[in-house]
Amino acid sequence: MPDIAKVYDAKKYEDSIYQMWDKLGLFSPEIDPSKKPFTIAMPPPNATGTLHLGHATMLALEDLMVRYKRMAGFETLWLPGTDHAAIATQNKVEGILAKEHKTRHDLGRERFLEKVKEYVASSQDTIKNQVKKMGSSCDWSREAYTFSDKLSFAVNTVFKRMYEDGLVYRGNRIVNWCCRCHSTLADDEVSYKDENGKLYWIKYGPFELATTRPETKLGDTAVAVHPDDFRYKNLIGKKFNILGVLGEFEITVVADELVDREFGSGAVKVTPSHSFMDFEIAQRHNLPFKQIINEEGKMMDNCGKYAGMTTLECRKAIVEDMKNMGILLKVEDYSHKISICYRCGTVIEPLTSEQWFINVNKKLSRESWQKKDNDLLKDLEGTSFSLKDIANHVVRSGQVKIIPDRFNNTYFHWMENLRDWCISRQIWWGHRVPVYYCHDCHHIMVELEPMSVCNKCSSVNLKQDEDTLDTWFSSALWTFSTLGWPEQTQDLKYFHPTQVMETGYDILFFWVARMIIMSTYAVGEIPFETVYLHGLVRDKEGRKMSKSLGNGIDPLDMIDKFGADAVRLSLLIGTTPGNDMRLYEEKISGYRNFVNKLWNAFRLVMMICENNAGDSANLNLADKWIMTETQSLVEEVTTMLDEYRFSDAGSRIYDFTWSVFCDWYLEISKIHPNPAVLKYVLDIILKLAHPFSPFVTEAVYQEIQGADPNSNILMIQSWPKPQNDLIFAEEAKQMETVVEVIKEIRSLRVQVKVEAVRKIQAYIYGAEMTTALMKKSEVIKRLANLSELIIAQSGQKIEKSISKFVGNIEIYLPLESLVDSAKERLRLKKEIERLNAYITALQLKLNNNDFTAKAPAHVVELEQQKLLTARMELNKIEEQLKEV
RNA sequence: GGACGCUUAGCUCAGUUGGCUAGAGCAUCUCGUUUACACCGAGAGGGUCCAAGGUUCGAGUCCUUGAGCGUCCACCA
């Protein structure tokens, strides 16, 4: 073996192995109706992004599932792609322009978009190559991009259909406005942060009331109180002239349940145009709307001397003026949460604006939902349903299963409280709203393709809507737009609905929920059967990784340092769905060690096989044991993978490989080699481990085959099945005893401080295990470092020795010179003490009639067995104590 | 204000319908280079499983309450 390195060199293998798989076209499935498909639509990373640990986690998990299913015989499609990431990308390019002291307005819409396109094109390959670095076996021939012509067509198609169904509408309503991004945001694109602000108490006509935003007073049109609030009952319905900083203005007093009597004075000033709650109250009570803040976040012309100020400047000025007028009663410290933009952190300005919305409550008929012959509406009563109803139903009825299931509640809660989804954005980078306005006849047209002539009056004086669509609108179509929809392609028919959607729980709402809404509506199918949610990767202290903290780990650095397999394993093992995980270098290096262990196991197997002829027919005790262990390994790992218990499956393989195969079977093989068995077990390990660590397993698989021109590829081998004819329960048990005996001798040696190099004698009285022990006497001798081993069924106690009893088996190490009788007696007494406590506990349990009557028979039997064994050991020790 | 999660060895975490003298990796200590691997081997120490109640023959596991930490959601101006 001179040519195979002692240390596995990930760099030497990973890229070339990936290229080999790719070149052979192994990532692309065939459409084969005789086989079941397994499909995952990869959550598309931002086209201009770089790989972070969230991506790495996602890729490791999905590649694991996909590789497993591929080997298990499914036609497996993992469809990759990128997202145009409207706001995020536009912000990036604007940032670049800012360095040249330019804004997008300096360039104009067209040139700016050119620039973004260029930028995307130049950076798109980066993320793609990084995805490949992880070993992702995704089908690049079907790669998609949310802003490609095909997917844009799908976007327009859905928009048009929704418009025709009355689900998309244009309305002047209150929206979240980010002044920096200069755009609306959906409700869930708003984050919150704590702020230590002030609560201002104002004299307000007959009221005294508290507000955090005195500047909005300029837009007040009402005061609201709780309908049952006796303090204000006689004021309800009346109108008052309020003294304000710009003179008097009129308000109406309305009663609304939304008002909290406990807060402040129980009276709220109502600013319909700049507060969600106030907007709702105003709508209910037909109150006038008065917009005072514009889209730049500045006070409008109707604000007199305050016009042109930012809201904060205005707040300062108004507070000062109110103080001077004597209508500011007091100012209290007040900490509360303010809403900020999730992209840039700017404070959100709620304002009313003309926007496009998706109506989530409008009901459509049963027929319009049932587009396909499937179970979509199964067990659903009623004749018409809203987007919300159906999205709720498919999860409630179990058609879409969320792992872990506690996220069901979160999902339902969100869905039930969902308000109409504002989908128009005032940024330029994104799918332009496919609506055209005729300036001559005022006809409004929703079109799939760009149009230039009014289809009603033939005027060419048309203008397309300036706005673009929320980036999540296009990603919501991801599972089907990527398969060719609205065309009824073979891909769509075969691969949709997809089987698994794997993503972080942080985008359950942004994305997962919206995919369910869009797929059920547009295709009439659920988008996926199972949602597997992974947690966030945190640092060793449990903190979020961030640039400012400098605690981020770059997965690419880690791949460079430890190899992709090690990175994958560190993200797969020791983690549970839906829970955050911690990652740090020591963890990754630990799995790098495992990868190397596997590599060296292969080297040893090769060495042994080179020097020994195969003798597969004749299985010895150890062979039968490892065969038996291997069968249960296969069975358990398969079950765990089927149950999405990836961490369990991974650690099971890890433990078997290291602690069973390497520590025992390989050591035994140095004495009693059986090449056929060695190769068989190694082959199983490679197959089972392949979905977790594809590179090293494939590298080994290829090395084993050497220069064979017809060599096989591990990636497409069949997943192993447990073979009943290779299970030898009796022999496995015997071998376990042999292992235990060796462990005990080793332990005894250290206890009495026999130098490691010194070979000693041992007597073993094996009782019913004698034959088995004899068969493996050579192994015991070598692994326990013995000079001489005497095995008998039974015999005399050996004086001046240290002893240990494994059930009925007696072990003596005659070490006259080393045995300190006093110490040995003490050791034995301690053993007796421990055993006595144990036996007492067991007896107590077994003497309890309730236990024997109520516990299952096998549990009782197990406890009895334990007692029997403990008693045997106790007897032996007590006898031995006399000899010392 | 609601909902959820976490709390198990010094550290990071497993522990699947209750059956556990509670496990792993890292770290620590002792010893070690015989045909793979020092990215290694052998052995050892280390835990009232957050607290208090309850259900049960039996609780790390189920229920109730509480504490600490964390996350998400919501129209408290």
Side-chain angles (χ1 to χ4, degrees), chain A residues 1 4 6-8 188 192 199 209-213 216 224 258-260 262-264 267-271 275-281 336-337 404 406-407 409-410 413-414 417 505-506 508-509 535-536 540 542 562 566 573-576 578-584 586-587 589-608 611 639-640 643 645 647-648 651 654-655 659 662-663 666-667 670 743 746-751 753-757 782-783 785 834-835 837-838 841-842 845 848-856 858-860 862-863 866 870:
Chain A
M1 311 275 304
I4 297 182
K6 285 171 97 163
V7 172
Y8 172 67
D188 49 359
Y192 297 89
L199 192 61
L209 48 78
T211 178
T212 52
R213 300 194 62 190
T216 61
L258 234 43
V259 178
D260 178 358
E262 307 297 318
F263 188 88
V268 195
K269 67 185 205 59
V270 180
T271 319
S275 152
F276 276 84
M277 173 176 156
D278 296 4
F279 181 86
E280 217 180 303
I281 292 176
H336 63 142
K337 277 187 173 156
R406 63 184 149 89
F407 280 98
N409 285 335
T410 323
H413 183 255
W414 184 82
N417 291 308
Y505 65 75
D506 51 330
L508 179 63
F509 304 139
L536 270 44
K540 197 170 184 176
F562 302 112
I573 299 180
T575 62
T576 41
N579 290 331
D580 293 350
M581 57 190 112
R582 301 185 190 201
L583 190 73
Y584 38 90
E586 299 94 295
K587 202 183 229 175
S589 75
Y591 288 108
R592 185 266 323 264
N593 296 353
F594 172 71
V595 167
N596 193 52
K597 188 77 183 176
L598 186 55
W599 178 256
N600 273 287
F602 139 70
R603 288 181 63 226
L604 181 60
V605 169
M606 289 297 102
M607 285 180 199
I608 294 173
N611 301 328
T639 308
M640 288 165 175
E643 293 173 352
R645 288 159 49 202
S647 174
D648 288 350
S651 42
Y654 180 104
D655 289 340
S659 321
C662 290
D663 287 352
L666 286 185
E667 292 305 321
K670 291 173 184 172
K743 281 184 173 173
R746 284 171 171 176
S747 176
L748 282 174
R749 291 180 61 113
V750 174
Q751 278 179 52
K753 300 192 166 62
V754 181
E755 308 89 81
V757 283
R782 285 279 284 279
L783 298 191
N785 204 11
R834 184 187 64 87
L835 274 170
Y838 184 44
L842 284 171
K845 201 181 225 183
N848 183 342
N849 288 336
D850 279 330
F851 174 70
T852 42
K854 291 179 186 171
H858 71 273
V859 173
V860 178
L862 206 73
E863 298 299 300
K866 283 181 193 169

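By convention in this document, chain letters (A, B, ...) are assigned in the order of the sequence lines, proteins followed by strands, and residues within each chain are numbered from 1.
- If you check every strand for non-hydrogen atoms under 4.0 Å, A:K866 touches sugar and phosphate atoms only.
- Among the atoms of the strands shown, none is found under 4.0 Å from any heavy atom of A:R749.
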A:F851 and A:V859: CA distance, side-chain angles, deciding distance, side-chain contact (heavy atoms from CB on, under 4.5 Å) verdict: CA-CA 10 Å; A:F851 174 70; A:V859 173; 4.1 Å; yes
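- Comparing the P positions of B:G46 and B:A36 gives an interatomic distance of 34 Å, to the nearest angstrom.
- At the phosphate of B:G41, OP1 or OP2 sits under 4.0 Å from a side-chain N or O atom of A:K597.
- Picking from B:U12, B:A44, B:U35 the nucleotide with the shortest atom distance to the side chain of A:K587 gives B:U12.
- Side-chain contact check for A:L666 versus A:V605: some heavy-atom pair is nearer than 4.5 Å.
- Nearest nucleotide to the side chain of A:Y654, out of B:C37, B:C39, B:G25: B:G25.
- You'll find the side chain of A:Y505 stays beyond 4.5 Å of the side chain of A:T410, heavy atoms only.
- Between A:N596 atom CG and B:G41 atom P the separation is 11 Å, expressed in whole Å.
- For the pair A:S275 (side chain) and A:D278 (backbone), a donor-acceptor distance under 3.5 Å is present.
- Note on A:K6: only backbone sugar-phosphate atoms sit closer than 4.0 angstrom, heavy atoms only; bases stay farther off.
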Derivation of the side-chain contact (heavy atoms from CB on, under 4.5 Å) call for A:R746 and A:N785: CA-CA 8 Å; A:R746 284 171 171 176; A:N785 204 11; over 6 Å; no
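- In this structure, of B:C73, B:C40, B:A36, it is B:C40 that holds the atom nearest to the side chain of A:N593.
- Inter-residue side-chain proximity for A:F602 and A:I4 is flagged as met; some heavy-atom pair is nearer than 4.5 Å.
- Using a 4.0 Å heavy-atom criterion, one finds that A:G574 contacts the sugar-phosphate atoms exclusively.
- Rounded to whole Å, the distance from CG on A:L842 to C1' on B:G19 is 12 Å.
- Comparing A:R592 and A:K854 against RNA chain B, the residue whose closest nucleotide sits nearer the 5' end is A:R592.
- For A:D850, the listed nucleotide lying nearest its side chain is B:C57; candidates were B:A36, B:A77, B:C57.
- B:C57 is paired with B:G19 under the Watson-Crick or G-U wobble criterion, all donor-acceptor distances under 3.5 Å.
- Comparing B:A74, B:U21, B:A14 against the side chain of A:D648 picks out B:A14 as the nearest.
- Ranking B:U21, B:A42, B:C4 by closeness to the A:D663 side chain, first place goes to B:A42.
- The separation between A:N409 atom CG and B:G5 atom C1' is 13 Å, rounded to whole Å.
- Counting only heavy atoms from C-beta on, A:N848 has its side chain closest to B:C57 among B:G32, B:C76, B:C57.
- If you check B:C11 for Watson-Crick or wobble pairing at under 3.5 angstrom, you find it paired to B:G25.
- Pair check for B:A42 finds B:U30; Watson-Crick or G-U wobble, both atom distances under 3.5 Å.
- For CD of A:E262, the number of neighbouring non-hydrogen atoms (other residues, nucleotides, ligands) closer than 6.0 Å is 12 at most.
- Residues A:N579 and A:T575 fail the side-chain proximity criterion, which asks for heavy atoms closer than 4.5 Å.
- Base contact: A:Y838 has a heavy atom under 4.0 Å from a base atom.
- Nearest to the side chain of A:Y192, among B:C4, B:C37, B:C75, sits B:C75.
- Using atom P as the reference point in both B:C13 and B:G18, the two lie 26 Å apart (nearest Å).
- The separation between A:L862 atom CG and B:G58 atom C1' is 14 Å, rounded to whole Å.
- Nucleotides B:G60 and B:A9 have their P atoms positioned 15 Å apart, rounded to a whole Å.
- Residues A:T639 and A:E643 have side chains that never bring a donor and an acceptor to within less than 3.5 angstrom of each other.
- Nucleotides B:A67 and B:U12 are separated by 24 Å at their P atoms, to the nearest Å.
- If you measure from atom CZ of A:R603 to atom P of B:C40, you get 14 Å, rounded to the nearest angstrom.
- Rounded to whole angstrom, the span from the CZ atom of A:R582 across to the P atom of B:C6 amounts to 13 Å.
- For the C1' atom pair drawn from B:G2 and B:G45, the interatomic distance equals 47 Å after rounding to whole Å.
- Annotation: B:C26 and B:U65 have their C1' atoms spaced 37 Å apart (nearest Å).
- With B:C57, B:A36, B:C76 as the choices, the nucleotide that has an atom nearest any side-chain atom of A:F851 turns out to be B:C57.
- Taking every side-chain heavy atom of A:N579 into account, B:G5 is the closest of B:G5, B:C57, B:A36.
- Counting any heavy atom pair closer than 4.0 Å across all strands shown, A:E667 reaches a base atom.
- Using a 4.0 Å heavy-atom distance criterion, A:T576 is classed as a sugar-phosphate-only contact.
- The gap from the P atom of B:C40 to that of B:C4 amounts to 44 Å, rounded to the nearest Å.
- A:A855 comes within 4.0 angstrom of a nucleotide base, judged by non-hydrogen atoms across all strands.
- A:S747 comes within 4.0 angstrom of the backbone, heavy atoms only, and of no base.
- Across the strands present, B:C72 finds its partner in B:G2; the criterion is a Watson-Crick or G-U wobble pair with both atom distances under 3.5 angstrom.
- With C1' as the reference atom, B:C31 and B:U35 are 22 Å apart, rounded to whole Å.
- For A:R746 and A:Y584, each mapped to the nucleotide of RNA chain B holding its nearest heavy atom, the one lying further toward the 5' end belongs to A:Y584.
- Summarising the geometry, the separation between NE2 on A:H413 and P on B:A74 is reported as 8 Å, rounded to the nearest angstrom.
- Across all strands shown, B:A36 forms no Watson-Crick or G-U wobble pair with both key distances under 3.5 Å.
- B:G66: Watson-Crick or G-U partner is B:C50, with both key distances under 3.5 Å.
- In this entry the distance linking CD of A:E586 with P of B:C11 reads 14 Å, nearest Å.
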